[in-house]
Number of protein chains: 2
Amino acid sequence: MQAFPKEEYEQRMNYTKQKMLEYGTEVLIVSNPSNMFYLTGYNAWSFYVHQVVVVMIDVDQPIWIGREMDAHSAQVTTWLDDNHIIPYPDEFVQSTIRHPMDYVANILSELGQGERKIGLEMDAFYFTAMCYERMLQELPNAEFKNASTLTNWVRVIKSEREIDYMRKAAGIVENAVQAAYDTLDVGVRENDVAAAVYHAQIAGTKDAFGDYTSIVPMLPTSENTASPHLTWSDREYKYGDYLTLEIAGAHRRYHSPIARTMAIGDAPQKVKDLSNVVKEGINETLASIKPGMTAEDVESVWRNQIAKHGVEKDSRLGYSIGCSFPPDWGEHTISLRPGDLSVLQPNMTFHLMPGIWMDDYGVEITESILVTEDGCETLADVSRDLLIKPSSS
Amino acid sequence: MQAFPKEEYEQRMNYTKQKMLEYGTEVLIVSNPSNMFYLTGYNAWSFYVHQVVVVMIDVDQPIWIGREMDAHSAQVTTWLDDNHIIPYPDEFVQSTIRHPMDYVANILSELGQGERKIGLEMDAFYFTAMCYERMLQELPNAEFKNASTLTNWVRVIKSEREIDYMRKAAGIVENAVQAAYDTLDVGVRENDVAAAVYHAQIAGTKDAFGDYTSIVPMLPTSENTASPHLTWSDREYKYGDYLTLEIAGAHRRYHSPIARTMAIGDAPQKVKDLSNVVKEGINETLASIKPGMTAEDVESVWRNQIAKHGVEKDSRLGYSIGCSFPPDWGEHTISLRPGDLSVLQPNMTFHLMPGIWMDDYGVEITESILVTEDGCETLADVSRDLLIKPSSS
């Protein structure tokens, strides 16, 4: 069930340890499920309880520490030897008396790691304030450092196998966009479209099963398109309704997100106009991207292009993507926005996210892209037009 | 789009403020999306960026502070007046320079709340170590208290409207179990069953749309049933394979989880035997539950019953449920396990979770239940037998 050969994990470990040295860190405690997966392959829906992967600078394999009933999942999905998988008893789960980080701290002490320079993912999902407080209390002689995105930065350039998974995810998302389009009609409910999207996302393609995506489908209708992160209700579509559909395909935790704007029968002129501005802007941006540009350079191409039409976008133009777990498919490294000086390199992957939200409507037409040796390519192949579905009534 | 009338929110606020007084807290900072939803109705997939609801003991309405592009969602889904919705600029998102909690701290200072007794959800999902560190730094004269589950405890007894939503969610999960059963066959892939489950979960019923569930379907096959939190792959079912399916139905964020064990054609004798033990145990437990019992009393009924067959279960027997957001549908209040002295009361709801995991197989047959005036009832109506699907080949 492992997603990568052992050699690829060993290479990841090596890069991670290089980063640890750069950060002055001898021990790294990884709580972010995406980073746990990246380093070990661990893949189960158990991140609602505290669990960690510990990397020690002078030990080949990391150790996994998690809930007893999840140790089997670690055996099945990781490349770790059994003696690197350490379960904690169920009485530590959601208790006000015992905390899993006390258990982790004890293990570190037993392994002689308790007084070292320890990196913590201070702002990672699921590494709570209480986790931090317990570590401070239990390991008073450790020197803690912030390593929130240390592993995330190791992830930023993708291997051929990772890119293959993302291409498969893109094949899945093409089907899911089509399923939404096919289902859309007057009288259909938002949740019926969401159900069709889900089915396509998980059924996948002939050569790639669909994995769950780290964000659920978002498909606000008409005036609600001003609220991009609404999910769905039982609202029935009317003739002239439009929607922004933002979804991903996922395969073995690797994501290819995409957004398209659709309408039923017809769309208001303002939506057609803004769609054209966004489409032209994304086309210009895609044509300009190449290795060596900075993240803010990319954003400025877009910014200048839409400014010709008097349009502005305050939010970032996109972000690095790859493997991920809920609640986000962003990698939390590079953002395409002013001030981000990261230099684009071949085999980086981004969700180029030109969504524009006005006071009472919005348009999203986005692409997942791969930076190549001399430019970029989109992972999926879906028309970037405003997609108008003929109404059956 | 609001899920409850204003009066119900006002009542929730009143109970929450009572709890705040009990905890000696003048200001409560709520980060847990389930608690944010419960207090305000806020409902969008935006919890991958920092956002909070602030309750002040002497102010009627809470305030919502979140990302600029999500303020619209707050206007649409909450009962709050517009001047209680405060957006922060996009440059605070996933930045190493600016942190959203600095912004929150500034607002608190401006509102004269910066030197009060402030409750923090120290161990809640998404309230990271960094959030805590920023609060300590920015509000040096505040007195911080741990209020991790303060609001969760307010949620523990359900209103009639909440119970209605959970019953609707149970209707949805009945369909989803059936969809899994109907799809199961030799040669079918795990992800095909997952796709069918998803479709049923979201399509919902005639009178209730399906909402996304806080945990994705989990359906490990045969020897992998020892690993309850595995999701799915493209593994093809063979004759004699068995699986534990743990899923929920959800309606307007309220959940009714259920698990069933299924087999294709036939199941190994050990699985049949353990299924009978679990079924008998859950039947006995359901027959015994009534208000006034403690959580540990309930567990002991189960424990004694399965001990007659020489079976033990280390993990908790269940937990309180209600509204929730990913990654967990548990409420993080009452656990049915030794040492939990919580007294059962009418209109509490639990996921009674008698899963048993051996070294190389497992069985799960579970129920979502409502405690009534004189006993309990299950929310869904699904046979508790080991469900053997005749194989087509």
Side-chain angles (χ1 to χ4, degrees), chain A residues 1 44-48 68-70 72-73 76 89-91 93-94 120 122-133 146 148 189 191-192 194-196 198-199 202-204 209-212 215-216 218 224 226-234 314-316 326-328 330 332 335 357, chain B residues 1 44-48 68-70 72-73 76 89-90 93-94 120 122-133 146 148 189 191-192 194-196 198-199 202-204 209-212 215-216 218 224 226-234 314-316 326-328 330 332 335 337 357:
Chain A
M1 293 189 67
W45 190 287
S46 58
F47 40 90
Y48 66 91
E68 195 164 30
M69 71 166 69
D70 297 317
H72 267 105
S73 297
V76 174
D90 214 61
E91 64 193 20
V93 173
Q94 295 165 8
L120 300 175
M122 292 291 288
D123 210 18
F125 300 129
Y126 313 123
F127 189 71
T128 65
M130 183 72 84
C131 290
Y132 181 45
E133 205 174 54
N146 181 14
S148 281
R189 303 171 302 173
N191 66 301
D192 296 321
Y198 265 120
H199 193 276
I202 308 305
F209 75 90
D211 206 345
Y212 61 87
I215 301 179
V216 296
M218 297 181 289
N224 282 337
S227 307
H229 296 129
L230 290 179
T231 51
W232 61 83
S233 69
D234 54 1
D314 291 331
S315 52
R316 61 185 177 167
D328 193 8
H332 300 188
S335 286
W357 300 282
Chain B
M1 294 188 66
W45 191 288
S46 58
F47 40 92
Y48 65 91
E68 194 163 30
M69 71 167 69
D70 297 316
H72 267 105
S73 296
V76 174
D90 214 62
V93 173
Q94 294 164 8
L120 300 174
M122 292 291 290
D123 209 18
F125 301 130
Y126 313 123
F127 189 73
T128 65
M130 183 71 84
C131 290
Y132 182 45
E133 205 173 54
N146 180 15
S148 281
R189 303 171 302 174
N191 66 302
D192 295 321
Y198 264 119
H199 192 276
I202 307 306
F209 75 89
D211 206 345
Y212 61 86
I215 301 178
V216 297
M218 297 180 291
N224 282 337
S227 309
H229 296 130
L230 290 179
T231 50
W232 60 84
S233 71
D234 54 2
D314 292 331
S315 52
R316 60 183 177 169
D328 193 8
H332 301 189
S335 286
R337 63 181 164 191
W357 300 282

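These numbers come from a predicted model, not from an experiment. Reminder, nothing fancy here: chain letters follow the sequence lines and each chain counts from 1.
Of all the heavy atoms in B:Met69 and A:Pro228, the pair that sits closest is O-CD, 3.4 Å. Of all heavy-atom pairs between B:Ala195 and A:His199, the closest is O-CD2, 3.4 Å. The shortest heavy-atom contact between A:Ala226 and B:His72 is O-ND1, 3.6 Å.
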Check: Hey, mind stepping through A:Tyr132 and B:Glu133 against side-chain contact (heavy atoms from CB on, under 4.5 Å) and telling me if it holds?
Finding: CA-CA 10 Å; A:Tyr132 181 45; B:Glu133 205 173 54; 3.2 Å; yes
Note to self: Between A:His229 and B:Tyr48, is the side-chain contact (heavy atoms from CB on, under 4.5 Å) condition met? List the steps.
What the structure shows: CA-CA 11 Å; A:His229 296 129; B:Tyr48 65 91; 3.0 Å; yes
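B:Ser73 pairs in a side-chain contact (heavy atoms from CB on, under 4.5 Å) with only one of the listed residues (A:Asn224, A:Leu230, A:Thr231), which is A:Leu230.
Proximity to chain A involves both the backbone and the side chain of B:Arg316, based on heavy atoms less than 4.5 angstrom apart. Only the side chain of A:Met218 comes within less than 4.5 Å of a heavy atom of chain B; its backbone N, CA, C and O stay farther away. Of the atoms belonging to B:Asp123, heavy atoms from both backbone and side chain fall under 4.5 Å from chain A. Both the backbone and the side chain of B:Trp45 have a heavy atom closer than 4.5 Å to some heavy atom of chain A.
Between the side chain of A:Asn191 and the main chain of B:Ile202, a donor-acceptor pair closer than 3.5 Å is present. When atom types are taken as modelled, the side chain of A:Trp232 and the backbone of B:Gly210 share a donor-acceptor pair closer than 3.5 angstrom.
Taking B:Ala44, B:Gly330, B:Cys131, B:Pro327 one by one and counting their heavy-atom pairs under 4.5 Å with chain A, the maximum is reached by B:Pro327. Chain A forms more heavy-atom pairs under 4.5 Å with one residue of B:His332, B:Arg189, B:Gln94, B:Glu68 than with any other, namely B:Gln94. For the options B:Ala203, B:Ala124, B:Ala194, B:Ser335, heavy-atom pairs under 4.5 Å to chain A are most numerous at B:Ala203. Per-residue heavy-atom pair counts under 4.5 Å with chain A were compared for B:Phe127, B:Phe47, B:Tyr212, B:Trp357, and the maximum is reached by B:Tyr212. Counting heavy-atom pairs closer than 4.5 Å to chain B, the top-ranked of the candidates A:Leu120, A:Asp234, A:Val93, A:Thr128 is A:Thr128.
Taking the six-membered ring where the residue is Trp, the centroids of B:Tyr126 and A:Tyr126 are separated by under 6.0 Å.
The OG atom of A:Ser46 sits 10.5 Å away from atom CD1 of B:Ile215, with the distance rounded to the nearest 0.5 Å.
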